Number of protein chains: 2
Amino acid sequence: MSLLAKKRSAAMAAKLKDSGLKATPQRLAIMRVLAESKGHPSVDDIYRRLQRRFPGISPATVYRNIMLIKSLGEAVEISLAGSASRYDGRKPYPHPHIVCVECGNILDPELASLGDMTREVTAASGFEIKSFRLDFFGVCPACRKKSGS
Amino acid sequence: MSLLAKKRSAAMAAKLKDSGLKATPQRLAIMRVLAESKGHPSVDDIYRRLQRRFPGISPATVYRNIMLIKSLGEAVEISLAGSASRYDGRKPYPHPHIVCVECGNILDPELASLGDMTREVTAASGFEIKSFRLDFFGVCPACRKKSGS
DNA sequence: TCGCAATTGATAATGATTATCAATGATAGC
DNA sequence: GCTATCATTGATAATCATTATCAATTGCGA
Ligand SMILES: [Mn+2]
Ligand SMILES: [Mn+2]
Ligand SMILES: [Zn+2]
Ligand SMILES: [Zn+2]
């Protein structure tokens, strides 16, 4: 387990305790998967990954806990049109994504030119901005090679 | 009907003819609603708006034609987590939005600092970027007044 | 005007997510 | 450590937006 994963896992568990919620094995395992996954897993990904260790686990439990972890501010949801949402427990704050429309992979790009966009929008609209989402859709290098584009 | 609405309506109808598709009254009416709406209507909004003039129209027809108009490149979809997608037929190209999480209103902000983000992402990731979405979520001035925030 | 492929309306199917509820289990207090 | 309590789980039904299916209708070219 990487250093970041340990850190994120610990942060999530701490938030749990602070909120007076129970440290269920399933719940902790879901947190660990979120903390370790670099690839933005879906609920079903997490569900299938946990079936080895929890043969009787229910998808409902994964949904419930993802919802909880989100509400604790310890994961972000990437909602996509026409397919299941994906989650990021390693960067639990709004950040841009690149989605490959061929294979479904999702990456976290580094994006320098992003800073004062929120400020600009706030000033122009009078909205109180709570969050944002910035997603790019395209074809990843591997899929470009395959389709010969 | 505004000048822009006329222009957008005509553009959509032209694409229809070019593609050898039929100019159904329902289809043309859906296009007109999309061309006239400033407020990013949902399928159900459009459906309800058309019931006066087409008492027997089916939601399926609206879905089908929205899908078609999108595939013609004449409207963009704003897909939202947990609620129905909204559509923009006035700016049929990717552009940022501000969503009020209280009342659901969606605006098109002017956003100068946006230009070379796509180029930057392309360079950094090797993806072939096809489109993007940039949505800000917050509370609009009217709702801020109501909730006394 | 005719014929036919495209389109419509009705309806069923899908797929992701949420709600419900009885059984189970974590944990605080003894 | 034992127990009582209340949160949580697993199973399952319900919801909701969207898609698929199909017979009946209709736009439109010949
Ligand atoms: Mn991410
Ligand atoms: Mn718009
Ligand atoms: Zn790919
Ligand atoms: Zn509002």
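So that the names make sense, note that chain A is the first sequence line, chain B the second, and so on, each numbered from 1. The structure displayed is predicted, hence computed values, not measured ones. Just so it is clear, the values below take in all heavy atoms, side chains as well, and ignore hydrogens, waters and symmetry mates.
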K.L.:
Which side-chain N or O atoms in residues 26-33 of chain A pair as donor and acceptor under 3.5 Å with protein atoms at least two apart or in another chain?
P.N.:
from, atom 1, to, atom 2, distance (Å)
A:R27, NE, A:N65, OD1, 2.7
A:R27, NH1, A:K22, O, 2.9
A:R27, NH2, A:N65, OD1, 3.4

K.L.:
Can you give the first and last nucleotides of DNA chain C, 5' to 3', that have an atom under 4.0 Å from a heavy atom of chain A?
P.N.:
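Here the contact window of chain A covers C:dA16 to C:dT27.
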
K.L.:
Given side chains that start at C-beta, do those of B:L34 and B:Y87 come closer than 4.5 Å, heavy atoms only?
P.N.:
yes

K.L.:
Could you check how far CZ of B:R48 sits from P of D:dA17, rounded to whole Å?
P.N.:
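Rounded to whole Å, this separation is 11 Å.
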
K.L.:
Could you check whether any side-chain heavy atom of B:D135 comes within less than 4.5 Å of a side-chain heavy atom of B:I106, counting everything from C-beta outward?
P.N.:
no

K.L.:
Give a yes-or-no answer on whether the side chains of B:R86 and B:S79 include a donor-acceptor pair shorter than 3.5 Å.
P.N.:
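No, no side-chain donor-acceptor pair sits under 3.5 Å.
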
K.L.:
Can you list, in residue-number order, the parts of residues 49-65 of chain A that come under 4.0 Å of DNA chain D, counting heavy atoms only?
P.N.:
A:G56, A:I57, A:S58, A:A60, A:T61, A:R64, A:N65

K.L.:
What I'd like to find out is whether the side chain of B:M117 reaches to under 4.5 Å of the side chain of A:F136, using heavy atoms alone.
P.N.:
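Yes - at least one pair of side-chain heavy atoms lies under 4.5 Å apart.
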
K.L.:
Under 4.5 Å between any side-chain heavy atoms of B:N105 and B:H40, yes or no?
P.N.:
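A side-chain contact is absent here, since even the closest heavy-atom pair is not under 4.5 Å.
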
K.L.:
Send over the distance from A:L68 CG to D:dT8 C1', rounded to a whole Å.
P.N.:
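Whole-Å distance recorded here is 11 Å.
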
K.L.:
Please round to the nearest 0.5 Å and tell me the distance separating atom CZ of A:F132 and atom OH of A:Y93.
P.N.:
10.0 Å

K.L.:
For DNA chain D, just give me the dot-bracket, please: Watson-Crick or G-U, both distances below 3.5 Å, ( ) intra-strand, [ ] crossing earlier pairs, | paired with another strand, . unpaired.
P.N.:
||||||||||||||||||||||||||||||

K.L.:
A:T122: what forms a side chain to side chain donor-acceptor pair (under 3.5 Å) with it, not counting sequence neighbours?
P.N.:
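Side chain to side chain donor-acceptor pair (under 3.5 Å) check on A:T122 returns nothing, list empty.
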
K.L.:
Not counting sequence neighbours, list each pair that qualifies as a side chain to side chain donor-acceptor pair (under 3.5 Å) and has a residue in residues 52-62 of chain B.
P.N.:
B:T61-B:R64

K.L.:
Checking A:S9 now: which residues fulfil side chain to side chain donor-acceptor pair (under 3.5 Å) with it, not counting sequence neighbours?
P.N.:
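So A:S9 forms no side chain to side chain donor-acceptor pair (under 3.5 Å) with any residue.
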
K.L.:
Donor-acceptor pair, distance only, cut-off 3.5 Å: does the side chain of B:R8 make one with the backbone of B:E74?
P.N.:
yes

K.L.:
Could you work out, with side chain to side chain donor-acceptor pair (under 3.5 Å) as the rule, every residue matching A:R119, not counting sequence neighbours?
P.N.:
none

K.L.:
For DNA chain D, what residues of residues 70-103 of chain A have any heavy atom nearer than 4.0 Å?
P.N.:
none

K.L.:
State which residues pass side-chain contact (heavy atoms from CB on, under 4.5 Å) with A:A5; sequence neighbours excluded, sorted by chain then number.
P.N.:
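Listed in chain order: A:M1, A:S2, A:E36.
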
K.L.:
Which of residues 11-27 of chain A sit near DNA chain D, with a heavy atom under 4.0 Å from it?
P.N.:
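The stretch gives A:L21, A:K22, A:T24, A:Q26, A:R27 as the residues lying under 4.0 Å from the strand, ordered by number.
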
K.L.:
Determine whether A:V62 and A:P59 make a side-chain contact, defined as any pair of heavy atoms from C-beta on separated by less than 4.5 Å.
P.N.:
no

K.L.:
Mind checking side chain to side chain donor-acceptor pair (under 3.5 Å) for A:D44 and listing every partner two or more places apart, or none if nothing turns up?
P.N.:
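A:D44 satisfies side chain to side chain donor-acceptor pair (under 3.5 Å) with A:R48 once adjacent residues are dropped.
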
